Engineer: 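Have a look at this one.
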Amino acid sequence: MDANIASPAALIGDPTRAAMLQVLQDGRAQPASALAWAAGVTAQAASNHLAKLVDGGLLAVERQGRHRYYRLASAEVAHAIEALSVIAAPVRSLEIPRSPKARALRDARCCYGHLAGRLGVKVCDALLDRDLIRPAGDKRYAITPEGHTWFEDLGVSSQTLRGARGVARPCLDWTERRHHLAGPLGVKLLAAMTQRGWLALEPNGRAVRLTTNGARALLERLGVSLEDADQAAA
């Protein structure tokens, strides 16, 4: 029997709920008030939409005291939203970025815990070019012996990573239409880069800022640079 894709499609198809889901693509939990503001609706309307998303299995809710925080229910939900973004009509502000926010999102952003955008694609390409990871079939990457050493040097214990869908896999980037690195390895890599001060997660939104130290380190270690974007690292 075929899966009933109509149910999640109907939930995602509502513009308000779609906006909320896209806000949560960075993997962080948000209160209903923040999601209401992002979607441009009242608190009561947001509560109704969030209840439907939770009942439909697209969101999970965490309670801390009297507060509720919402996050995507799983990585599969994040991948589905990212895939829909790929086939959606191009967003002109991202294809030809004009505002600082649009440029920041296209250059680097968080995609459910891993690095996406132009920087994410460049990092993934560099890891492949240097034979630190390799395509392994079934939409997965394998870490090479040289790769294990490289990641260990960065503080990522790649030998201990586990994942039902593999420790590393490609994720089609919705602005670049190319793959960035996903899976447990992608999550650990973003965390390591953040801990080293190479990247800084913006407090609001999905944008990730490449720092001066990060620009230098990525150029030295992977030959990766964003200078061709005419955006200096800060």
Side-chain angles (χ1 to χ4, degrees), residues 25-28 75 78-79 82 94 97 100 103-137 139-163 165-203 205-234:
Q25 276 288 84
D26 63 0
R28 289 180 285 188
H79 296 320
E82 189 80 2
L94 289 174
R103 288 194 295 270
L105 279 175
R106 184 173 186 184
D107 274 351
R109 64 183 180 277
C110 185
C111 176
Y112 204 68
H114 51 262
L115 182 63
R118 294 181 66 251
L119 185 59
V121 169
K122 283 175 173 284
V123 167
C124 186
D125 285 347
L127 293 172
L128 288 165
D129 290 344
R130 283 166 166 71
D131 198 33
L132 303 176
I133 59 173
R134 295 174 185 169
K139 297 181 179 179
R140 298 184 182 189
Y141 291 135
I143 308 172
T144 66
E146 295 80 3
H148 284 297
T149 300
W150 190 89
F151 287 111
E152 289 286 348
D153 183 60
L154 197 64
V156 177
S157 299
S158 55
Q159 298 276 14
T160 64
L161 295 178
R162 297 290 183 274
R165 299 174 59 197
V167 299
R169 59 181 181 272
C171 180
L172 191 58
D173 197 277
W174 75 276
T175 58
E176 304 310 297
R177 272 36 177 198
R178 294 167 59 199
H179 293 116
H180 56 252
L181 179 64
L185 181 63
V187 173
K188 290 293 185 180
L189 181 59
L190 175 58
M193 290 181 173
T194 303
Q195 290 169 1
R196 284 174 172 257
W198 297 358
L199 302 174
L201 304 182
E202 296 297 339
R206 299 172 59 190
V208 175
R209 181 170 56 85
L210 177 64
T211 67
T212 301
N213 288 339
R216 184 183 304 112
L218 288 179
L219 185 60
E220 292 175 352
R221 290 174 178 250
L222 290 174
V224 168
S225 172
L226 279 180
E227 289 184 0
D228 57 309
D230 294 324
Q231 177 177 334

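It should be emphasised that the depicted structure is a prediction, and the values quoted were computed from it without experimental measurement.
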Engineer: Could you go step by step and tell me if Asp107 and Leu210 meet the side-chain contact (heavy atoms from CB on, under 4.5 Å) rule?
Structural biologist: CA-CA 9 Å; Asp107 274 351; Leu210 177 64; over 6 Å; no
Engineer: Can you tell me how far CG of Leu115 sits from SG of Cys171, rounded to the nearest 0.5 angstrom?
Structural biologist: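 Going from the SG atom of Cys171 to the CG atom of Leu115 covers 11.5 Å.
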Engineer: Would you give me the side-chain donor-acceptor pairs under 3.5 Å for residues 124-136, sequence neighbours excluded?
Structural biologist:
| from | atom 1 | to | atom 2 | distance (Å) |
| --- | --- | --- | --- | --- |
| Asp125 | OD2 | Arg178 | NH2 | 2.1 |
| Arg130 | NH1 | Leu222 | O | 2.8 |
| Arg130 | NH2 | Leu222 | O | 3.2 |
| Asp131 | OD1 | Arg134 | NE | 2.6 |
| Asp131 | OD2 | Arg134 | NE | 3.3 |
| Asp131 | OD2 | Arg134 | NH2 | 2.9 |

Engineer: Calculate, to the nearest 0.5 Å, the distance between atoms OH and CG belonging to Tyr141 and Leu181 respectively.
Structural biologist: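 These two atoms lie 7.0 Å from each other.
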Engineer: So, for Asp173 and Gly117, which heavy atoms are closest and what is the spacing to 0.1 Å?
Structural biologist: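 Nearest pair, atom of Asp173 first, then Gly117: OD2-N, 2.7 Å.
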Engineer: Does the pair Glu152 and Ser157 meet the rule for a side-chain contact (heavy atoms from CB on, under 4.5 Å), with working shown?
Structural biologist: CA-CA 5 Å; Glu152 289 286 348; Ser157 299; 3.9 Å; yes
Engineer: Who are the side-chain contact (heavy atoms from CB on, under 4.5 Å) partners of Arg206, not counting sequence neighbours?
Structural biologist: Gln25, Asp26, Glu82, Leu105, Arg109, Cys111, Trp174
Engineer: Rounded to the nearest 0.5 Å, how far apart are CG of Leu172 and NZ of Lys139?
Structural biologist: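 If I round to the nearest 0.5 Å, the distance is 9.5 Å.
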Engineer: By side-chain hydrogen bond (donor to acceptor under 3.5 Å, both in side chains), which residues pair with His114, not counting sequence neighbours?
Structural biologist: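 Partners of His114 under the side-chain hydrogen bond (donor to acceptor under 3.5 Å, both in side chains) test: His180.
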Engineer: Give the C-alpha distance, both sets of side-chain angles, the deciding distance and a yes or no for side-chain contact (heavy atoms from CB on, under 4.5 Å) between Val208 and Leu119.
Structural biologist: CA-CA 10 Å; Val208 175; Leu119 185 59; 5.9 Å; no
Engineer: Can you name the side-chain hydrogen bond (donor to acceptor under 3.5 Å, both in side chains) partners of His79, sequence neighbours left out?
Structural biologist: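 Partners of His79 under the side-chain hydrogen bond (donor to acceptor under 3.5 Å, both in side chains) test: Arg165, Arg169.
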Engineer: Looking at every non-hydrogen atom in both residues, tell me the closest pair between His148 and Ser158 and how far apart they are.
Structural biologist: ND1-OG, 2.7 Å
Engineer: Which donor-acceptor pairs under 3.5 Å do side chains of residues 186-203 form with protein atoms, sequence neighbours excluded?
Structural biologist:
| from | atom 1 | to | atom 2 | distance (Å) |
| --- | --- | --- | --- | --- |
| Thr194 | OG1 | Leu190 | O | 2.8 |
| Arg196 | NE | Leu154 | O | 3.3 |
| Arg196 | NH2 | Asp153 | O | 3.0 |

Engineer: Rounded to the nearest 0.5 Å, what separation is found between the CG atom of Leu219 and the CG atom of Leu226?
Structural biologist: 10.5 Å
Engineer: Got a sec, which residues hit side-chain contact (heavy atoms from CB on, under 4.5 Å) with Glu220, two or more places apart in sequence or on another chain?
Structural biologist: Arg216
